[in-house]
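Order of the sequence lines sets the chain letters (A, B, ...), proteins ahead of strands, with each chain counted from 1. Predicted, not measured: the structure shown is a model, and the values here were computed from it.
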Amino acid sequence: MTTHVLDDLEARGLVAHSTDRDALRADLSAGPVTYYVGFDPTAPSLHMGNLLQLLTARRLQLAGHKPLILVGGSTGLIGDPRDVGERTMNSRETVADWVGRIRSQVEQYVSFEGDNAARVVNNLDWTKDVNVIDFLRDIGKHFPVNRMLDRQVVASRLETGISYTEFSYVLLQSMDYLELYRRYGTALQTGGSDQWGNITAGVELIRRAEGAKVHALSTPLITKADGTKFGKSTGGALWLDPEMLSPYAFYQTWIQAEDSKVIEYLRQFTFLELEEIEAIAAESAERPGLRIAQRRLAAEVTALVHGQDEVRAAEQASAALFGRAELEDLPESTLRAALTEAGLVTVDPGTPLVDALVVSGLVDSKSAARRAVSDGGAYVNNVRVEDPDAVLDGHTLHGGLVVLRKGKKSVAGAELVKA
RNA sequence: GGCAGGUUGCCCGAGCGGCCAAUGGGAGCUGACUGUAAAUCAGCCGGCAAUGCCUUCGCAGGUUCGAAUCCUGCACCUGCCA
């Protein structure tokens, strides 16, 4: 007998809260359970936090259960209340566009084959024609406002203000769970721990409306060693869309994982067996300098999101740009590929270095570029440049390529081409 | 509705007529050490055609040789009283 999926999830550090653990365990053991996880279109792409939910959904599917992946065509029009304050409402067109993009992203992480094939659903399908009177009578009646006010997000927002629109969000998400229970017998909703309140509200609604007992399971917030949220790359969220964050940049974010966290991330974000992860942990502890765990993590997660070809490209680019090898010794094809991964821009011969640093995106302004130079953190072809007036001309590789670097980790390429 | 106070750079928070692009802390960036890790120490941390110039201290106007600092109006927030 293999490990119970719930034990596996717990061992991987993927369980923050759940409803009655024993009942959930028994139901999961009894046979295929239909479960759902939802994604609201708040951006054109999903990000690392959503990835964790999708991977968790896949783990459950691999254990024989049936996933429903919900895209929030209606909830995305309303907006989940956040501590930071009222959201800006997006237009219906924008939300519809994002729903389409997110739908195609989620399809990559679950299987649509077999007895427990996944299904993608859109909550707009069952909310767009609901009329207000029915909604208030059938759904609203089950929500005591005094209980709603006790929720932490709502309480904090009472200080700064919250619209009726956002206050009502929880009713919509709860209605989704109820609807999916009625349509497909859905008996488990998963999500991030920040969704716990919304998820349990749905459990409660189903209990009141149908007298049925369904389950909820949440994953913990993924943090860095300092306790802050993990999932920011330089300049923004860790997007899954390669147009919004290059596979190289995605790979780099993972390979820079902290020692004290990398093993946790391996358990949470990869499908490696726990015994293998233990072996990697032991090996890393013995020879931390080799960064075995980080390399494996970056390769595994990048493969899941962008595919094996992009892993190879990112690894080769990283090896070329971070390796000990002399840049002059790299074949042009390797160097060009590496710089393309890192971000390659075209500039005129004789372009000032500071301008090239700005154009390449390594710094935000010329002032920042000059600062990088005076800090001793600007490099051209791995040679530190201390002259703030330096220009790019003679010293190129393969007749025109230049490797620009800021500090230890930020690399980009420039190609000198006569205009 | 009345009275009092607040709104400063990514965040917190000093400044209360010129010495203010604006103290300090956090975040961030760079350097040294190292392993594309952590910790520690040091520097940087609005922009530009850069020994100067431009834009910034809620918004709009005004006083003044000169304003983040004073005055008027507006918006939002907080506290006290009804």
Side-chain angles (χ1 to χ4, degrees), chain A residues 82-86 156-163 222-238 246-266 280-281 283-299 301-302 311 314-325 327 338-339 341-343 351-355 357-380 382-391 403-412:
Chain A
R82 296 181 293 186
D83 281 340
V84 288
E86 193 77 10
S156 73
R157 286 286 299 281
L158 287 178
E159 301 287 322
T160 54
I162 179 170
S163 67
I222 306 302
T223 58
K224 295 187 291 187
D226 64 6
T228 59
K229 191 172 167 183
F230 178 59
K232 289 261 171 73
S233 72
T234 346
L238 241 193
S246 75
Y248 169 81
F250 183 87
Y251 177 93
Q252 280 292 319
T253 303
W254 292 98
I255 209 165
Q256 288 166 18
E258 296 149 317
D259 282 7
S260 61
K261 282 288 181 178
V262 67
I263 300 303
E264 271 178 58
Y265 298 157
L266 276 168
I280 292 171
E283 205 177 343
S284 294
E286 209 164 305
R287 309 179 66 183
L290 295 182
R291 308 174 57 75
I292 294 163
Q294 279 91 342
R295 288 177 205 285
R296 191 61 187 274
L297 175 70
V301 183
T302 304
V311 173
E315 282 178 340
Q316 285 170 3
S318 298
L321 299 176
F322 287 90
R324 296 261 186 274
L327 291 172
L339 292 179
E341 285 293 315
T351 297
L353 172 61
V354 290
D355 290 340
L357 289 170
V358 175
V359 173
S360 70
L362 288 177
V363 296
D364 291 331
S365 68
K366 283 192 194 182
S367 298
R370 289 204 180 81
R371 228 174 276 138
V373 173
S374 64
D375 283 350
Y379 305 81
V380 171
N382 282 350
V383 178
R384 175 179 289 171
V385 176
E386 293 180 319
D387 175 10
D389 299 318
V391 297
V403 178
L404 301 173
R405 178 156 63 87
K406 185 195 67 162
K408 280 171 86 174
K409 304 175 193 169
S410 307
V411 183

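- Comparing the P positions of rA39(B) and rU30(B) gives a spacing of 15 Å, expressed to the nearest Å.
- Within the 4.0 angstrom heavy-atom criterion, only backbone atoms of the sugar-phosphate kind lie near Lys406(A); the bases stay farther away.
- Rounded to the nearest 0.5 angstrom, Lys224(A) NZ and Tyr265(A) OH are separated by 8.0 Å.
- Residue-to-nucleotide contacts include a donor-acceptor pair under 3.5 Å from the side chain of Lys408(A) to the base of rU34(B).
- Between Phe230(A) and Trp254(A), the ring-plane angle classifies as perpendicular under the 30° and 60° cut-offs.
- Comparing Ile255(A) and Arg405(A) by the nucleotide of RNA chain B that holds the closest heavy atom to each, the one mapping nearer the 5' end is Arg405(A).
- The separation of rG46(B) from rC29(B), taken at their C1' atoms, amounts to 15 Å, rounded to a whole angstrom.
- Atom CZ of Arg295(A) sits about 5.0 Å away from atom CD1 of Ile255(A), to the nearest 0.5 Å.
- Not counting sequence neighbours, the partners of Glu264(A) by the salt bridge (Lys or Arg N to Asp or Glu O under 4.0 Å) test are Lys261(A).
- Using a 4.5 Å cut-off on side-chain heavy atoms (C-beta onward), Val411(A) and Leu404(A) make no contact.
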Strictly under 4.0 angstrom, non-hydrogen atoms only: write out the protein contact profile of nucleotides 39-51 of chain B, one letter per nucleotide from the 5' end, B, S or -.
----BSS-SBSB-

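- For the atom pair CG of Leu327(A) and CG of Leu321(A), the computed distance is 7.5 Å after rounding to the nearest 0.5 Å.
- Across all strands, Arg384(A) comes closer than 4.0 Å only to sugar-phosphate atoms, never to a base (heavy-atom distances).
- In this structure, OH in Tyr251(A) is found 11.0 Å from CD in Gln256(A), a value given to the nearest 0.5 Å.
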Dot-bracket summary - RNA chain B, pairs being Watson-Crick or G-U whose distances fall under 3.5 Å, with | when paired to another strand:
((((((((.[[[..)..(.....]]].(((((.......))))).(((...)))...[[[[[..)....]]]]]))))))).

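- At a threshold of 4.5 Å between non-hydrogen side-chain atoms, the residues Glu283(A) and Arg287(A) do not count as touching.
- Under 4.0 angstrom from either OP1 or OP2 of rG31(B) there lies at least one side-chain N or O belonging to Tyr379(A).
- Residue Ser318(A) is in base contact, counting any heavy-atom pair closer than 4.0 Å across all strands shown.
- For the C1' atoms, the distance from rA32(B) to rG25(B) is 24 Å, rounded to whole Å.
- Spacing of P atoms, rA68(B) relative to rC74(B), comes out at 23 Å, to the nearest Å.
- Nucleotides rC16(B) and rU7(B) have their P atoms positioned 13 Å apart, rounded to a whole Å.
- Here the separation of rU78(B) from rC45(B), taken at their P atoms, is 36 Å to the nearest Å.
- Atom CG of Leu362(A) is separated from atom CG of Leu357(A) by 6.0 Å, given to the nearest 0.5 angstrom.
- Going from the C1' atom of rC59(B) to that of rC76(B) covers 11 Å, rounded to whole Å.
- At the heavy-atom level, Glu258(A) lies under 4.0 Å from the strands shown only through sugar-phosphate atoms.
- Atom P of rA27(B) sits at a distance of 15 Å from the matching atom of rA42(B), rounded to the whole Å.
- Using modelled atom types and a 3.5 Å distance limit, the side chains of Ser318(A) and Gln252(A) yield a donor-acceptor pair.
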